[in-house]
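Down below is the structure, laid out as structure tokens.
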Amino acid sequence: MKARVIVTLKNGVLDPQGKAIEGALGGLGFDDVGSVRQGKVFDVELSGSDKEAARSELEAMCEKLLANTVIENYAIEIA
Amino acid sequence: MKTAVIVFPGSNRDRDMFHALELITGARPQSVWHTESTLPDVDLVVVPGGFSYGDYLRSGAIAARSPILKDLVAKAESGVSILGVCNGFQILTEAGLLPGALMRNAGLTFVCKEVKMETVNNATRFSSKFTKGQVWRCPVAHHDGNYFADADTLKQIEDSGQVVFRYADGTNPNGSINNIAGITNQKGNVLGMMPHPENLVEALNGGLDGRLLFESLLDQAA
């Protein structure tokens, strides 16, 4: 089973890297860019086939390691 | 005062810390590899600076899940003094021993320079040898030192005197909220700071300003 975990910065947390990318896009002439926030994607392969069990396992992974919930949110997608 | 330093793959200020601790306490610190399960019986445990696990995932994130951390958490609960410097500060926040998080520097660049520190709380075991408001010199060398905490946490640590050191005189090198350079936990026995006091303990190396932090601990242990 394949899963994707997306980790993003919480609203209100300053993202200097996103800001720099935003500036660079503006410099390339992409004038419509309002703002950019940078995040992380983890593609995880799991051996089981129970989607609900996988989801709770992935949530535990996010809480324990993949995300720092002080500053980050996470979303889980299971294929 | 008996001390120990935890070493992770990628620690690089551990020897500076050994040297400073030996110089000031007169005794060689014990070195503890991150895969060990118990820390020795000491007065101070230091989590040194460096780039544990190459800063992969988030600075300090993987080191904070090392086997030795279980006993470090137990030591913190039992009141042993714990000092985290630079990557050590990042590890302590990732481990949940200190509130908040250390994010990429606001200027996005690695900063390696000297800053001014103000001791805003000298009623801690880490700062008793400073005078309140004392401004002192200290080197920094980091890429992720931008301290962040949500509004409630920030208010709580400010109100309870957990902010011990701030960057002074406009020398905040990383965009840290409220110019925060070092904080303790609620109980006051765990301190994390980005600057490197261990690098300013000998006149030969440019000054003695960092000694006061270690001498405060020495005083406490005596």
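Just so it is clear, the values below take in all heavy atoms, side chains as well, and ignore hydrogens, waters and symmetry mates. We name chains A, B, ... by the order of the sequence lines, and we start the count at 1 in each one.
For chain A, the nearby parts of B:Leu57 are the backbone and the side chain; heavy atoms of each come within less than 4.5 Å. Residue contact with chain A, scored on non-hydrogen atoms closer than 4.5 Å, involves the backbone and the side chain of B:Arg104 alike. Using a 4.5 Å cut-off between heavy atoms, A:Val13 contacts chain B through both its backbone and its side chain. No part of A:Lys19 comes within reach of chain B, as not one of its non-hydrogen atoms sits under 4.5 angstrom from that chain. For a residue to count as touching a neighbouring chain, one of its non-hydrogen atoms must lie under 4.5 Å from one of that chain's; by this rule A:Glu72 touches chain B with the side chain only.
Using a 4.5 Å heavy-atom threshold, the side chains of B:Met103 and A:Leu9 count as touching.
The local environment of NZ in A:Lys64 is sparse, with at most 12 non-hydrogen atoms from other residues, nucleotides or ligands closer than 6.0 Å. In this structure, A:Arg4 places its CZ atom where only 12 or fewer heavy-atom neighbours from other residues, nucleotides or ligands lie under 6.0 Å away. Heavy-atom neighbours of B:Phe110 CZ from other residues, nucleotides or ligands within 6.0 Å: above the threshold of 12. Counted within 6.0 Å of CG on B:Asp41, heavy atoms from surrounding residues, nucleotides or ligands total 12 or fewer; the atom is thus considered open. Counting non-hydrogen atoms of other residues, nucleotides and ligands closer than 6.0 Å to CG of A:Asn11 gives a total of 12 or fewer.
Considering all non-hydrogen atoms of both residues, B:Ala106 and A:Pro16 come closest at O-CB, 3.7 Å. Across all non-hydrogen atoms, the minimal contact from B:Leu108 to A:Ala20 is CD1-CB, 3.2 Å.
Rounded to the nearest 0.5 angstrom, A:Ile71 CD1 and B:Arg58 CZ are separated by 7.0 Å. B:Thr93 contributes atom OG1, which lies 7.0 Å from atom CG of A:Asn68 (distance to the nearest 0.5 angstrom).
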